Amino acid sequence: MAPPTDSMRYAEHGDLPTDGLTLVEGLPGHGLVASIAVEEIVDQLGLSHVGSVESAAHFPVLSYEDGGVRDPVRVYARDSTSVVGLVSDTAVPPAAFADLGRTLVDALADSLSLAVFLVEVPTVGPPGETVVSAVGSTPALRSSFEDAAVPVEADAGLIVGPTGALASAFYHAGVPTAVLLVKTDVDPFVPDPLGAKALIDDALEPLVDFSIDTAPLAERAESIRENYQRTAAQFRQLTDGDGLTESTYEMMYH
């Protein structure tokens with residue numbers, strides 16, 4: 001078990017398979033593109049639940065599935081693959097950003113050779129078009145983007161929110177860090193499975209050692225949107241500046 005912060009700890013439920021792993025982050029953000037993409041990767045690769053982030057102060061909820069309960073922020077891995085998935089069933093409140101970064105770095109950084117973070121960037125472009133670009137913390141990473149035909153982002157900008165906090169934490173811990181920017185004109189508060197499909201097809205598969213069938217993301221787009229509406233509503237409330245109170249959690253989970 002990783003050393004706890006004052007209010008957060010990482011609980012191990014299984015072993016990470018080996019060193020040289022690639023973390024792929026899937027926290028809720030605009031369009032829930034990262035969440036949808038990483039949960040599809042977890043499902044198709046058959047990754048197992050190997051760790052949870054526990055914090056009654058920041059995540060005063062339990063999620064449930066198949067009759068069992070679990071912490072909402074979880075890590076998934078498997079012996080036969082180098083991919084580690086980070087998922088969350090809840091939007092991450094701003095007060096948790098710093099502790100979450102420190103907790104996950106303590107638990108995972110020594111086993112990683114790469115950390116990949118996913119950000120949706122609302123933009124104005126041709127209707128329905130999704131474009132993925134990348135930024136990286138090392139020259140070798142930026143060279144790998146070119147080798148994989150993933151455009152290197154030319155503009156300057158800021159990576160904010162929980163993804164920015166985590167990317168900063170892993171970068172400052174010395175883990176090679178890539179951020180994939182998913183540019184789309186889709187409403188940021190509407191779950192976007194087609195954006196997740198483009199992210200996997202155009203960037204994650206060329207950069208990470210796996211093969212994912214993304215056809216189901218297009219075939220099940222409407223049902224996926226319905227399944228993620230609760231998290232999208234929670235994310236909207238956070239970004240509207242209202243914060244997440246205990247009553248908000250109760251409304252979202254009951």
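Only heavy atoms go into these numbers, but all of them, side chains included; no hydrogens, no water, no symmetry mates. Bear in mind the structure is a predicted one, so any value in this text is a computation, not a measurement.
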I'd like to know if Val116 and Val131 are part of one continuous hydrophobic network [Ile/Leu/Val/Met/Phe/Trp/Tyr, side-chain heavy atoms within less than 4.5 Å].
no
Arg74 side chain to Ser52 side chain, donor-acceptor N/O pair below 3.5 angstrom
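Ser52 and Arg74 do not have a side-chain donor-acceptor pair below 3.5 Å.
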Should [X] and [Y] count as side-chain neighbours, where that means a heavy-atom distance under 4.5 Å?
X      : Y      : answer
Ile36  : Pro191 : yes
Leu100 : Met8   : yes
Leu114 : Leu141 : yes
Pro193 : Arg220 : no
Leu27  : Leu166 : yes
Phe117 : Val24  : no
Leu199 : Leu118 : yes
Tyr76  : Leu86  : no

Go through the steps for Leu112 and Thr22 under the test side chain to side chain contact (heavy atoms under 4.5 Å, CB included), then give the verdict.
CA-CA 6 Å; Leu112 299 178; Thr22 295; over 6 Å; no
Would you find a donor on one side and an acceptor on the other, under 3.5 Å apart, between the side chain of [X] and the backbone of [Y]?
X      : Y      : result
Ser55  : Ser7   : yes
Ser35  : Gly26  : yes
Glu25  : Thr163 : no
Glu40  : Val42  : no
Ser143 : Pro139 : no
Glu153 : Asp155 : yes
Arg142 : Gly136 : yes
Asp71  : Val73  : no
His49  : Gly51  : yes

Distance in Å, [X] [atom1] paired with [Y] [atom2], rounded so as to fall on 0.5 Å steps:
X      : Y      : atom1 : atom2 : result
Asp99  : Leu104 : CG    : CG    : 10.5 Å
Ile41  : Thr81  : CD1   : OG1   : 10.0 Å
Leu217 : Glu39  : CG    : CD    : 11.0 Å
Lys197 : Asp192 : NZ    : CG    : 12.0 Å
Leu21  : Asp110 : CG    : CG    : 11.0 Å
Leu181 : Ile159 : CG    : CD1   : 6.0 Å

Is it true that atom [atom1] of [X] has more than 12 heavy atoms of other residues, nucleotides or ligands lying nearer than 6.0 Å?
X      : atom1 : value
Asp43  : CG    : yes
Asp209 : CG    : no
Tyr171 : OH    : no

Step-by-step side chain to side chain contact (heavy atoms under 4.5 Å, CB included) determination, Val119 to Val179
CA-CA 7 Å; Val119 179; Val179 180; 3.8 Å; yes
Share the residues that join Val160 in a hydrophobic cluster, the rule being Ile, Leu, Val, Met, Phe, Trp or Tyr side chains under 4.5 Å apart at the heavy-atom level.
Leu158
Shared-cluster residues of Leu194, by chain and number - hydrophobic side chains joined below 4.5 Å
none
What are the two closest non-hydrogen atoms of [X] and [Y], and how far apart are they?
X      : Y      : value
Val53  : Phe59  : CG1-CE1, 4.2 Å
Val182 : Gly195 : CG1-O, 4.2 Å
Ser82  : Gly20  : CB-O, 4.1 Å
Leu180 : Ala203 : CD1-CB, 3.7 Å
Ala165 : Phe97  : CB-CB, 3.7 Å
Ala134 : Val150 : CB-CG1, 3.9 Å

Decide, yes or no, whether a salt bridge links Asp106 with Arg102 under the criterion of side-chain N to carboxylate O below 4.0 Å.
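No.
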Dump the intermediate steps for side chain to side chain contact (heavy atoms under 4.5 Å, CB included) on Ser144 and Leu207, then the final yes or no.
CA-CA 7 Å; Ser144 74; Leu207 291 171; 4.1 Å; yes
Residue pair Arg9, Thr103: steps toward the side chain to side chain contact (heavy atoms under 4.5 Å, CB included) verdict:
CA-CA 6 Å; Arg9 68 172 187 166; Thr103 300; 5.6 Å; no
